[in-house]
Each structure stands twice: as structure tokens, then as C-alpha cells.
There are 2 protein chains.
Amino acid sequence: MSEQNRRIPRATIRRIPLYYRAIEQLQRQGVQRVRSDRLSEIIHIPSATIRRDFSHFGELGKSGYGYSVSRLAAAFGALLEVESAEHIAIIGVGGLGRALIVNNFRRNPDLTIVVAFDIDPAKVGQSIAGVPVYAFTELAQRLPPGVHTAIMAVPSAAQAAVVPVLENAGVTAIMTFAPLPVQCRPTTTIRYIDLTSELQSLLFTARQREAQVAKVD
Amino acid sequence: MSEQNRRIPRATIRRIPLYYRAIEQLQRQGVQRVRSDRLSEIIHIPSATIRRDFSHFGELGKSGYGYSVSRLAAAFGALLEVESAEHIAIIGVGGLGRALIVNNFRRNPDLTIVVAFDIDPAKVGQSIAGVPVYAFTELAQRLPPGVHTAIMAVPSAAQAAVVPVLENAGVTAIMTFAPLPVQCRPTTTIRYIDLTSELQSLLFTARQREAQVAKVD
DNA sequence: AATTAAATGTGAAATGGTTAACAAACTATT
DNA sequence: AATAGTTTGTTAACCATTTCACATTTAATT
């Protein structure tokens with residue numbers, strides 16, 4: 001009864017979506033209750049970590065019983081605000097931008113890509129899976145009110161110029177696939193998805209492991 | 001002279017690619033030497049963290065001088081084995097797989113996608129940006145020797161069936177865009193890229209920040 | 001109602017990662 | 001050669017996160 005008042009650790013925040021996904025799955029399967037050690041099997045996170053994480057959001061479980069799946073679903077659904085759909089803009093309709101639009105976070109009706117922008121006149125005016133593509137220069141006029149989230153799939157060099165335009169249009173959350181750190185307002189939250197770095201560090205780890213194994217053999 | 005013998009922390013490993021990218025950039029600009037505080041400005045990592053990270057790989061710098069850019073380039077290039085190109089297979093030629101092939105980790109000639117596989121007969125036989133697409137059923141025969149790395153861009157439900165096929169064909173490093181934890185050999189290294197989770201946790205953080213600001217105002 | 005069994009929530013310890021601060025080492029200058 | 005100035009590499013402190021282990025609470029059973 002004290003943990004839920006404290007600041008929620010970054011590491012815990014990053015696991016919320018995993019919890020929500022597992023809970024959803026259990027609900028679809030008609031499971032009514034679940035213990036932390038069963039959740040642990042599903043998402044491969046130690047049960048102690050799960051219980052500690054959950055404790056930040058209140059006393060969700062009952063001793064000797066476990067957690068009510070519907071109660072968890074309600075709690076985590078509220079945390080992620082899945083009731084109110086988040087409308088998202090995509091900047092850059094290259095291969096990646098297009099793929100994201102077509103995919104559109106299937107299974108997550110609360111995440112909806114509603115509009116796209118590009119500087120290439122050949123792409124402007126198109127409609128991709130029902131999502132209109134407008135000229136980036138018209139972003140201020142074309143961005144629907146209430147859109148505070150953008151995904152950038154533009155060349156690294158273009159990124160720095162895009163961010164202030166988004167901020168002026170009211171965007172406060174940005175996910176970007178360009179790896180260069182960019183200047184932004186203190187009220188803007190940015191997340192970098194750096195696929196090249198992920199792959200390179202994965203390879204480093206894999207090679208290191210192989211060397212280990214070779215030594216042991 | 002003791003740090004370089006110890007195990008390299010996970011967190012440090014994940015930063016190696018960032019260091020390499022910055023060093024490459026400096027080299028292109030003709031910069032000969034660099035201090036840790038200058039690197040800090042470029043990649044937005046505290047200089048103390050940079051020096052500690054570097055110390056794991058030997059005494060790369062000189063007191064009162066800084067680091068020789070070419071020496072760093074050699075050291076980090078060796079860590080990432082950029083001299084010997086890594087050949088990569090893509091499994092799943094949907095929108096995302098196709099985008100990755102076309103992009104092909106530009107600027108990184110050491111990361112090369114050489115082959116793709118799909119179960120859709122309509123896609124098999126195509127060539128995308130010079131990369132041939134083969135039937136997934138023929139993977140064992142068609143995967144070129146020396147390919148130990150694969151990127152999976154397949155539906156979550158298909159993932160579990162793909163992994164053992166890859167492992168039998170000699171793949172030891174896998175990057176996947178499906179979020180479900182998958183069973184694999186202890187010698188296989190897997191990295192999950194979970195775009196939905198990233199977006200959801202980004203939104204959680206952004207909303208939390210807004211609530212903070214609202215309270216302060 | 002009392003007892004047994006079970007699983008949570010958390011204090012405390014362990015682990016992992018970051019950073020301030022500075023002695024030591026080197027460069028540059030006189 | 002000596003001195004002044006600079007920046008590394010590392011020690012020690014700090015902070016964040018994970019995990020153990022168990023008192024406590026609740027469910028289930030007799």
C-alpha cells in the first residue's frame with residue numbers, strides 16, 4: 001500500500017505493453033484467473049519482477065488466489081488508455097512508412113494511423129490503405145486536431161528539420177527510425193528505433209557467445 | 001589496465017554501434033583526434049560513461065591528448081568486424097521485409113541482405129533490389145553457406161515454426177519483429193523488435209509527462 | 001470455526017549501470 | 001629539462017533494477 005504512490009520505474013513502464021498483451025490473450029482464451037508464475041511462463045519475466053511491477057499500480061491480486069484476469073485487463077487497459085483511440089501521423093512514405101501504414105498495428109484498435117505526409121510530389125495525393133498522403137509543407141493545415149503522436153520514417157538528414165514542424169503543430173510524442181539524436185522541446189518525448197544498431201549489437205553478442213562456446217568445447 | 005579483461009556489460013555492448021557511427025562520421029570529416037567531451041556532444045552520452053565504456057576495450061586514448069580517430073575506428077571496426085561483410089537472410093517479404101531489403105542498411109556495406117524467403121507462391125521467384133526470393137520450404141537448400149544471421153518479418157503465429165528451420169540451417173543470430181517469446185537453442189541469440197510496445201510505452205511516458213506539466217502549471 | 005495450503009506484496013540484499021572526481025600520465029610550451 | 005596545462009582511466013559513490021525470501025493475507029478444506 002505504499003509502492004503505488006512512488007514514481008514508476010522506466011523499466012517497469014517498458015513492460016506494461018507486454019503485460020497487457022498477455023492479459024488480453026488470456027482473456028481471449030476465457031481464462032478467469034492467473035498466478036504470477038503462470039504469467040512468468042508466458043512472457044519470460046521472473047514472477048518476482050511481475051509482482052513488483054504490478055504493485056506499482058495498486059494491490060491488484062489476492063494472496064492465495066492470484067490475479068483476476070478481468071481486473072488486470074481493466075487496470076492495464078486504463079494505464080494504456082486503450083478505450084480512447086490514439087490518432088497517429090506518419091512522416092515519410094518510403095518503404096518503411098508505407099509498411100507501417102499497411103500494417104497499422106493490427107490487433108490494436110486503439111492505435112490508428114490517420115494521415116501521412118511526404119515531400120515527394122509523386123506520393124502526395126495518394127491514399128495508402130485508406131490513409132491520405134499530404135504534402136509535408138501543408139502539415140500545419142492538414143494535421144487533424146487531436147493528433148499528438150507522429151512516427152518519422154524519413155532520411156536521417158531530414159529529421160532535424162521535421163521535428164520543429166511537428167512540435168509547432170502540437171505533436172508531443174515522436175517515434176523515429178533515424179538514429180541521429182535531435183534537438184527538441186523539453187515537453188516532447190522522443191523514442192529512437194535504431195535497427196542498424198540493434199543488428200550490430202546482436203551480432204556482437206552472438207559472435208561473443210560463439211567464441212565462448214568454442215573455448216568451452 | 002584491468003578493465004579490458006572483465007566481461008563487457010550489456011549496456012556497453014548496445015552502445016558500440018553508436019560509437020562506431022560517430023567515429024565514422026568524424027573520419028569522413030577529416031577529424032584526426034577527439035576528446036571524450038566532444039564525443040559526448042555528438043552522441044549525447046556523458047563523457048564519463050564514454051571513457052568507462054572505451055576502457056573495456058583497452059587503453060585507447062592518451063592523457064592530455066584524447067583519442068586518435070583512426071585508432072578508434074580501427075578498434076571499433078574490429079569489434080563490429082566491419083571488414084568481413086555479414087550476409088543476412090530475410091524471412092517474410094511483406095511490406096516490412098520488402099522495405100528492409102530495399103533499404104539494406106545503407107551506409108553499412110558490412111551488413112548485406114543476400115537472400116529472402118516467403119511461403120507465398122506469388123512472391124517466390126521475384127527479385128527485390130537484386131535480392132532473390134525463394135520458397136521457405138527450400139530454405140535448407142537455398143540458404144547460402146556462411147549465412148548465420150536472419151531477420152524475421154513474419155506474422156507472430158508463424159514465428160515459432162520458422163526458428164527451428166533457421167537453426168537447422170546454421171543460423172545463430174536472429175532479429176525478429178514478432179513480439180512473442182520463442183523457444184530456441186541455447187546457442188541462438190535472438191533480439192526482439194517490438195514496435196507496438198515501443199509506441200505504447202512511449203505514449204505512456206508522454207501522457208505521464210503532460211500530467212506532470214499540468215500539475216506544475 | 002478452525003486449520004491447511006497457497007500466493008501476494010514487500011523489506012532487504014544482490015546485481016547492474018552511471019557518474020563525479022581526481023591521481024596519473026601525457027602533451028605542449030618555454 | 002622543467003613546467004603548466006590537459007585529458008585519460010579508474011576509484012568510489014551513487015542510483016536503478018532485479019531477485020530472494022518470507023510475513024501476511026486470503027482461499028479452500030475439514
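The sequence lines fix the lettering, A, B, ..., with proteins before strands; numbering per chain opens at 1. Computed from a predicted model, the values in this text were never measured in an experiment. Side chains are part of it too, since the values below use all heavy atoms of this structure and drop only hydrogens, waters and symmetry mates.
- Residue-level contact check: Arg14(B) touches neither bases nor backbone, having no heavy atom under 4.0 Å from any strand.
- At distances below 3.5 Å, at least one donor-acceptor pair connects side-chain atoms of Thr205(A) with backbone N or O atoms of Ser201(A).
- The CZ atom of Phe54(A) sits 14 Å away from the P atom of dT10(C) (whole-angstrom rounding).
- The CZ-P distance, from Arg10(A) to dC15(D), rounds to 14 Å in whole Å.
- If you check the side chains of Arg21(A) and Asn108(A), you find no donor sitting under 3.5 Å from an acceptor.
- Between the side chain of Arg207(A) and the backbone N or O of Leu80(B), at least one donor-acceptor pair lies under 3.5 Å.
- Between Arg33(A) atom CZ and dT26(D) atom C1' the separation is 11 Å, expressed in whole Å.
- Contact check of residues 39-49 of chain B against DNA chain C (heavy atom, cut-off under 4.0 Å) returns Pro46(B), Ala48(B), Thr49(B).
- Spacing between atom NE2 of His56(B) and atom C1' of dG9(D) amounts to 11 Å, rounded to whole angstrom units.
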Note to self: I need a per-nucleotide contact map over nucleotides 1-7 of chain D, read 5' to 3'. Cutoff is protein heavy atoms under 4.0 Å; write B for the base, S for backbone only, - otherwise.
What the structure shows: -----BB

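- No more than 12 heavy atoms of other residues, nucleotides or ligands lie within 6.0 Å of CZ in Arg10(A), so this atom counts as exposed by the packing criterion.
- We find that CZ of Arg52(A) is positioned 8 Å from P of dG11(C), with the value rounded to whole Å.
- Counting only distance, with no hydrogens or angles, the side chain of Thr176(A) and the backbone of Ala178(A) share a donor-acceptor pair below 3.5 Å.
- Among the heavy atoms of the strands, none lies under 4.0 Å from Arg38(B).
- Rounded to whole angstrom, the span from the CZ atom of Arg71(A) across to the C1' atom of dG9(C) amounts to 13 Å.
- Atom CZ of Arg107(A) has 12 or fewer neighbouring heavy atoms from other residues, nucleotides or ligands inside a 6.0 Å radius.
- Under 3.5 Å, the side chains of Arg52(B) and Thr12(B) contain no donor-acceptor pair of N or O atoms.
- Ranking dT10(D), dG16(C), dA16(D) by closeness to the Ser55(B) side chain, first place goes to dT10(D).
- For residues 172-207 of chain A, there are no ring-ring contact (aromatic ring centres under 6.0 Å, His included) pairs, not counting sequence neighbours.
- Between Ile13(B) atom CD1 and dG17(C) atom C1' the separation is 13 Å, expressed in whole Å.
- In terms of modelled atom types and a separation under 3.5 Å, the side chain of Asp194(B) and the main chain of Pro179(B) share no donor-acceptor contact.
- As a whole-Å value, the separation of Asp53(B) CG from dT10(D) P is 13 Å.
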